[in-house]
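I have placed the structure first, in the form of structure tokens, so that the comments after it can refer back to it.
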There are 2 protein chains.
Amino acid sequence: MEDEDPRLAVSRHAARLFLEHGVAGTSGDDIAAAAGLSKRTVWRYFRTKENCVEPLFSATALRFAATLRRWPRNMSIEDYFQACLGPDHATPEELSDGLLAVRLIARLPDEPALRAAWLMSCQISEEALAKVIGERLHRSAEDFEVRLCAATVIAAVRVVDETVSTAAIKHGQKFTLEEINSMLARSVRAASTLPISDPVGS
Amino acid sequence: MEDEDPRLAVSRHAARLFLEHGVAGTSGDDIAAAAGLSKRTVWRYFRTKENCVEPLFSATALRFAATLRRWPRNMSIEDYFQACLGPDHATPEELSDGLLAVRLIARLPDEPALRAAWLMSCQISEEALAKVIGERLHRSAEDFEVRLCAATVIAAVRVVDETVSTAAIKHGQKFTLEEINSMLARSVRAASTLPISDPVGS
DNA sequence: TGACATCTGTCACTTAGTGACATACATCAT
DNA sequence: ATGATGTATGTCACTAAGTGACAGATGTCA
């Protein structure tokens, strides 16, 4: 039983409250009460109310980056996503976090304050991905070309996430795992500015 | 003498104050006083203090998008940037806005609150660019592929902006116009997921 | 002129967010 | 054990960000 990041726990409560009552309808006290903490501690964890959801976004994004980190060099992106992406490879906790994230993303157009947190988590995952790409290509994560590639790939993932989340939550559209995986693989392949999608020399 | 967006005027004052005294060292009253408005009006213009700089970022980004909108179909991106990007094609006002933006971007690592505004303006320019790409390729701006391309291109521009701004302001590095234009063209070409960089059939 | 809409200021008020200090708990050298 | 140090949290007073409600100014149009 590992003790988790307490911020992530707060983040889950904040996300639920934001979804139920909206951001404006949720006070700092509400979040603190739900998390079983004093208000002061919440403000020590987060600079602003909206930022409370950022760890939730980041957690799911970083899990994706961690999956990419285990991507074998001799495997194409399509094969890897097919093999390792999907509900079967996630813990129940990861699944419920993912669902919360998807529902929040679908609300971004109505809740501009949340978009800042969402974009911020993309920035964080961008840095994580730069490290992964750096490893895969034996380059520095600070290298301009590597950062560029990380940024375009994350941008692609973001657009897919927003598209799928909106379609699923707002229009009730159903997707198969294969559809999402192939959309994601196709988008990342098109977006990447460095040859990461096909097997790379070890 | 056209009456401009009053928000942009406030934005310039806010940017200057943030650069001089930092975000934490600038109050809502300071901004209102500098802009010659009541505090109440400032809070009607902007949801938060940090958001005050967003119109400045957006204005410069939208000027870039407007330039791309005039991109002739029979011209490569390298040739077009070479021909139409640079201080000679900007008004003094645009130049001073650009300088403010660059100095703010260089401060993003120290001022996390400003990053939200910066990323938000990227989002806005992304939508503007989607329209431009849609026109260029005779496609809808809502089309997934078009939005994807806009997102990756803006991501590339963002990384170039951040890299150049940081190098210039923090490390005093000098760039020639040719260097910047070619870095930008190369990055956009690599990042774009649709064939926009070379002449396209009318 | 008067009805209506839009923008701005004033001022009281709520709530997001901070500073200062006290308490609890873990670690670790003695 | 004992005490020194560091880190995490709570309490509470306080500042400043942000809102609601109302009033005055200006512009437009019938």
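Lettering follows sequence order; numbering is per chain, from 1. Excluded from the calculations below are hydrogen atoms, water molecules and symmetry mates; all remaining heavy atoms, backbone and side chain alike, are included.
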> Under the side chain to side chain donor-acceptor pair (under 3.5 Å) test, which residues partner B:Asp97, sequence neighbours left out?
Replying inline: B:Arg12, B:Arg63
>> Taking A:Glu50 first and then B:Arg47, would you say they form a salt bridge - that is, a charged N and a carboxylate O separated by under 4.0 Å?
In response: no
Quiz: residues 169-180 of chain B side-chain donor-acceptor pairs under 3.5 angstrom, not counting sequence neighbours:
residue  : atom : partner  : partner atom : Å
B:Thr176 : OG1  : B:Glu179 : N            : 3.1
B:Glu179 : OE1  : B:Thr176 : N            : 2.9

>> I'd like to check the side chain to side chain donor-acceptor pair (under 3.5 Å) partners of A:Arg136; sequence neighbours left out, ordered by chain and number.
In response: none
>> Looking only at the side chains, is there a donor atom on one of A:Asp143 and A:Ser140 sitting less than 3.5 Å from an acceptor on the other?
In response: no
> Residues from residues 8-21 of chain A sitting under 4.0 Å of DNA chain C, heavy atoms only?
Replying inline: none
> Got a sec? Which of residues 30-52 of chain A come in under 4.0 Å of DNA chain C, heavy atoms?
Replying inline: A:Arg40, A:Trp43, A:Arg47, A:Thr48, A:Lys49
> For B:Arg115, which residues count as a side chain to side chain contact (heavy atoms under 4.5 Å, CB included) partner, sequence neighbours excluded?
Replying inline: A:Met120, A:Gln123, B:Leu108, B:Leu119, B:Glu162
> To the nearest Å, how far apart are A:Asp29 CG and D:dG10 C1'?
Replying inline: 14 Å
>> Looking at B:Leu19, is its backbone amide N or carbonyl O close enough to the side chain of B:Arg107 to form a donor-acceptor pair, meaning the two atoms are under 3.5 Å apart?
In response: yes
> Shortest non-hydrogen contact from B:Leu68 to B:Tyr80?
Replying inline: CA-CE2, 4.3 Å
